[in-house]
Amino acid sequence: MHQLKPLKSLSIALIALLGISGLAGCSTAKDEQTGGENKEQAVQKKDITITFVGSQNWLNKGSKIDSELNEAFTQETGIKVDMQVIPDDQYANVLKTKLASGEAPDIFMVSAGVGAQKFLPEKYFADLSYEKWVSRYVPYAKAGSTINGKVMGFMTWSVDGWGMLYNTKMFEKYHLTVPKTYDEFTKAMDTLKANNITPIYEVGKEAWHWGVWLSQMGALAEKNSPGLYDKLNSNKIKFADVKEFETFLSQFKEMYDKGYFGKNPISNTWDSGYEAMGKEQAATFLGYTSYQNEVAGKFPDSNANDWKMYPIPLAGNNVFSHSAGGNMRVAYKDSKNLDSVKAFFDFLARPENLKKYYEARPDIQTAPSFTDVEPKPTQGGKSLVENAPGGDGMDMEYGVLYWDNTVVGKYIQDMMLGSLTPKQVLESIDKDREKLFNATGK
């Protein structure tokens with residue numbers, strides 16, 4: 001079975017998240033930092049267009065930085081970048097269709113970790129192991145972009161994790177403390193609800209966000225049963241066999257039925273979450289560690305930078321679950337423009353361009369992929385680690401083959417609306433994965 005090399009060390013996750021790693025690498029040789037100027041000059045001013053597709057939430061988020069860097073590359077080299085942004089809930093299917101139909105873009109984005117496997121890396125991904133910028137990767141970035149011993153992704157993301165972001169001022173007002181058990185959690189949510197505050201704002205219209213909740217339970221289950229991910233990835237065990245998953249879904253449905261997500265959460269969009277949290281209409285939100293930066297940017301009076309986080313306290317969870325480094329750009333293996341794509345990656349990897357990129361993307365500046373970019377960890381990220389006595393582990397989006405947040409999330413939506421039981425949600429996931437295992441021969 002082909003599998004991406006996962007992050008297994010708590011120290012790696014903590015060091016990356018708290019922003020105290022990698023700076024020793026700043027003494028990298030000048031030719032490595034410039035990212036291959038000779039390659040760029042070799043293709044300079046040629047009449048070439050490279051195609052680049054990515055998911056909507058991954059590009060130009062909060063700024064136009066991706067478009068700006070694309071244009072700067074074009075001005076320098078003459079190579080045009082045709083960047084195509086696909087809606088989040090359609091992206092995986094659109095990309096699979098393009099690859100299968102022989103219309104693969106020159107560059108496409110995929111999740112790091114084993115999530116990349118569903119796009120058949122050996123068939124479609126170019127080997128980037130010998131590009132000069134690889135030597136400047138922090139450990140998680142190299143691990144998360146490595147498949148079968150080869151670096152196959154250009155990553156400018158950050159290792160991150162999801163947790164319960166809470167408004168500290170609201171918790172203090174109602175004398176609430178960080179819940180460590182499900183019972184403590186429900187008591188806190190009941191108090192908020194009794195005071196006409198939405199306990200948790202759920203962006204329920206976005207199916208993928210429901211899937212993120214269950215994805216976070218994988219690290220706990222792996223801690224309780226070491227080797228679980230390997231068994232899931234070799235199809236030796238089913239989701240329906242894992243007691244933590246069914247317990248979580250049962251408690252999750254109970255939360256929905258008790259009204260912890262407010263009125264009609266199925267209609268809430270991602271963008272509406274910023275206002276709900278920023279205007280103190282809701283007390284908590286399942287977000288990534290840098291989400292509070294985004295709220296603070298939109299609602300400066302919210303004091304969102306002071307908010308803290310804790311792990312989802314369902315099914316006995318006390319583990320910080322994290323990614324393998326977010327998302328990465330991949331070069332199509334058989335692209336006729338592969339040299340131009342590599343020149344583009346070289347351009348993006350220049351220290352001055354990375355600096356521009358991360359400054360425009362504070363949501364992912366908490367633990368950058370490159371050693372020569374200064375990390376800026378959030379209060380939420382620090383507290384999430386501190387409130388996770390169970391340690392850390394990779395979530396299922398990045399650690400389990402054939403995981404799809406959107407597909408899983410749609411089953412959970414159905415459960416919330418009463419058409420599926422928790423067990424049936426897991427059985428549906430198993431049926432989907434069985435088809436993929438059969439199709440790929442894994």
(request) Measure from the side-chain N and O atoms of Ser145 to the backbone N and O of Met152, and report whether any donor-acceptor pair falls under 3.5 Å. (result) no
(request) Just say parallel, tilted or perpendicular for the rings of Phe185 and Tyr260, cut-offs at 30° and 60°. (result) perpendicular
(request) Tell me whether the guanidinium CZ or amine NZ of Lys298 lies under 6.0 angstrom from the six-membered ring centre of Tyr274 and within 45° of its axis. (result) yes
(message) side-chain hydrogen bond (donor to acceptor under 3.5 Å, both in side chains), that's the test. Do Ser129 and Asp127 meet it? Break it down for me.
(response) CA-CA 6 Å; Ser129 302; Asp127 183 359; 2.6 Å; yes
(request) For Asn317 and Gln216, test the side chains for any donor-to-acceptor distance below 3.5 angstrom and give the result as yes or no. (result) no
(message) Whether the Thr406 and Asp89 side chains hold a donor-acceptor pair (N or O, under 3.5 Å, no angle test) is what I'd like checked.
(response) no
(message) Under a 3.5 Å distance rule, please check whether Tyr229 uses its side chain to pair with a backbone N or O of Met394 as donor and acceptor.
(response) yes
(message) Set out, in order, the CA-CA distance, both residues' side-chain angles and the distance that settles salt bridge (Lys or Arg N to Asp or Glu O under 4.0 Å) for Glu294 and Lys61, then state yes or no.
(response) CA-CA 10 Å; Glu294 299 173 44; Lys61 187 171 181 179; 3.8 Å; yes
(message) Under 3.5 Å, is there a donor on one side chain and an acceptor on the other for Lys238 and Asn235?
(response) yes
(message) Hydrogens and angles aside, do Tyr411 and Asp432 bring a side-chain donor and acceptor to less than 3.5 Å of each other?
(response) yes
(message) Ring-plane angle category for Tyr291 and Trp270, please: parallel below 30°, perpendicular beyond 60°, tilted otherwise.
(response) perpendicular
(request) Examine distances only and state if a side-chain atom of Glu202 and a backbone atom of Ile266 form a donor-acceptor pair shorter than 3.5 Å. (result) no
(request) Please confirm whether Phe108 and Tyr332 have ring centers closer than 6.0 angstrom. (result) no
(request) Measure the OH-CG distance between Tyr310 and Asn387 for me, rounded to the nearest 0.5 Å. (result) 9.5 Å
(message) Keeping Ser383 on the side-chain end and Met309 on the backbone end, is there a donor-acceptor pair under 3.5 Å?
(response) yes
(request) Looking only at non-hydrogen atoms, find the nearest pair between Ala304 and Ala296 and report the distance. (result) CB-N, 3.8 Å
(request) Flag the pair Lys355 and Glu374 as a salt bridge only when some basic side-chain nitrogen lies within less than 4.0 angstrom of an acidic carboxylate oxygen. (result) no
(message) Quick check against the 3.5 Å criterion: does Lys356 have a side-chain atom that pairs as donor or acceptor with the backbone of Ile65?
(response) no
(message) Is it the case that the ring center of Trp157 lies less than 6.0 angstrom away from the ring center of Tyr398?
(response) no
(request) Indicate whether any N or O donor in one side chain lies under 3.5 Å from an N or O acceptor in the other, for Asp88 and Ser55. (result) yes
(request) Please say whether the positively charged group of Arg433, taken as NZ for Lys or CZ for Arg, lies over the ring of Trp403, i.e. under 6.0 angstrom from the six-membered ring centre and within 45 degrees of the axis. (result) no
(message) Has Arg361 got a side-chain atom pairing as donor or acceptor with Leu59's backbone, closer than 3.5 angstrom?
(response) no
(message) Any carboxylate oxygen within less than 4.0 angstrom of a Lys/Arg side-chain nitrogen, looking at Lys279 and Glu275?
(response) yes
(request) Enter the distance from Lys193:NZ to Ile197:CD1 here, rounded to the nearest 0.5 Å. (result) 12.5 Å
(message) Under 6.0 Å between ring centres: does that hold for Phe285 and His209?
(response) yes
(message) If you count every heavy atom of other residues, nucleotides or ligands that lies below 6.0 Å from Lys96 atom NZ, does the total exceed 12?
(response) yes
(message) Looking at Lys223, I want to see if its NZ is surrounded by more than 12 non-hydrogen atoms of other residues, nucleotides or ligands under 6.0 Å.
(response) yes
(request) Establish, from distance only, whether the side-chain atoms of His322 and Asp395 form a donor-acceptor pair under 3.5 Å. (result) no
(request) Search all heavy atoms of Pro368 against all heavy atoms of Tyr358 and return the closest pair with its distance. (result) CB-CZ, 3.6 Å
(message) Does this structure show an ion pair linking Asp404 with Lys410, if we count only N-O contacts that are shorter than 4.0 Å?
(response) no
(message) Could you check whether Arg329 and Thr156, counting side-chain N and O atoms only, form a donor-acceptor pair closer than 3.5 Å?
(response) yes
(request) Go through the steps for Trp210 and Phe261 under the test ring-ring contact (aromatic ring centres under 6.0 Å, His included), then give the verdict. (result) CA-CA 12 Å; Trp210 292 109; Phe261 299 120; 5.7 Å; yes
(message) More than 12 heavy atoms of other residues, nucleotides or ligands under 6.0 Å from NZ of Lys64: yes or no?
(response) no
(message) Minimum heavy-atom separation for Ala240 and Asp430, please, with both atom names.
(response) N-OD2, 3.0 Å
(request) Ignoring hydrogens and angles, state whether a donor on the side chain of Asp66 or Tyr357 is under 3.5 Å from an acceptor on the partner side chain. (result) no
(request) Using atom types as modelled and distance alone, determine if a side-chain donor or acceptor of Asp241 lies under 3.5 Å from a backbone N or O of Ile237. (result) no
(message) Within this structure, what is the CG-CG distance for the pair Asn318 and Leu220, rounded to the nearest 0.5 Å?
(response) 7.0 Å
(message) Looking only at the aromatic ring of each residue, does the gap between the centers of Phe320 and Trp162 stay below 6.0 angstrom?
(response) no
(message) What I want to check is whether the side chains of Thr289 and Asp160 have a donor and an acceptor closer together than 3.5 Å.
(response) yes
(message) Is the distance between the ring centroids of Phe154 and Trp133 under 6.0 Å?
(response) yes
(request) Would you please classify the geometry between the Trp213 ring and the Phe252 ring as parallel, tilted or perpendicular, with 30° and 60° separating the classes? (result) tilted
(request) Establish, from distance only, whether the side-chain atoms of Tyr201 and Ser272 form a donor-acceptor pair under 3.5 Å. (result) yes
(message) Within this structure, what is the CD-OG1 distance for the pair Glu172 and Thr177, rounded to the nearest 0.5 Å?
(response) 11.5 Å
(request) Taking only Lys NZ, Arg NE, NH1 and NH2, and the carboxylate oxygens of Asp or Glu, determine whether Lys132 and Asp346 approach each other closer than 4.0 Å. (result) no
(request) Working to the nearest 0.5 Å, report the span between OH of Tyr402 and CD of Gln117. (result) 7.0 Å
(message) Under 3.5 Å, is there a donor on one side chain and an acceptor on the other for Glu397 and Ser215?
(response) no
(request) Spell out, as yes or no, whether a donor-acceptor pair under 3.5 Å connects the side chain of Thr198 to the backbone of Ile200. (result) no
(message) Under a 3.5 Å distance rule, please check whether Asp372 uses its side chain to pair with a backbone N or O of Pro351 as donor and acceptor.
(response) no
(request) Answer yes if the side chains of Thr51 and Asp82 hold a donor-acceptor pair under 3.5 Å, and no otherwise. (result) no
(request) Assess whether side-chain hydrogen bond (donor to acceptor under 3.5 Å, both in side chains) is satisfied between Asp306 and Gln379, documenting all intermediate values. (result) CA-CA 6 Å; Asp306 297 329; Gln379 185 67 31; over 6 Å; no
(request) Look at Lys308 together with Glu386 and state whether they make a salt bridge at an N to O cut-off of under 4.0 Å. (result) no
(request) Would you give the length of the straight line joining atom NZ of Lys173 to atom OG1 of Thr191, rounded to the nearest 0.5 angstrom? (result) 13.0 Å
(message) Strictly distance-based, threshold 3.5 Å: is any side-chain N or O of Glu222 a donor or acceptor partner for the main-chain N or O of Gly218?
(response) no
(request) Can you establish whether the number of heavy atoms outside Lys205 located under 6.0 Å from its atom NZ is more than 12? (result) no
(message) Working note: Glu68 + Asn70, criterion side-chain hydrogen bond (donor to acceptor under 3.5 Å, both in side chains); need CA distance, chi angles, decisive distance, verdict.
(response) CA-CA 5 Å; Glu68 291 167 3; Asn70 295 350; over 6 Å; no
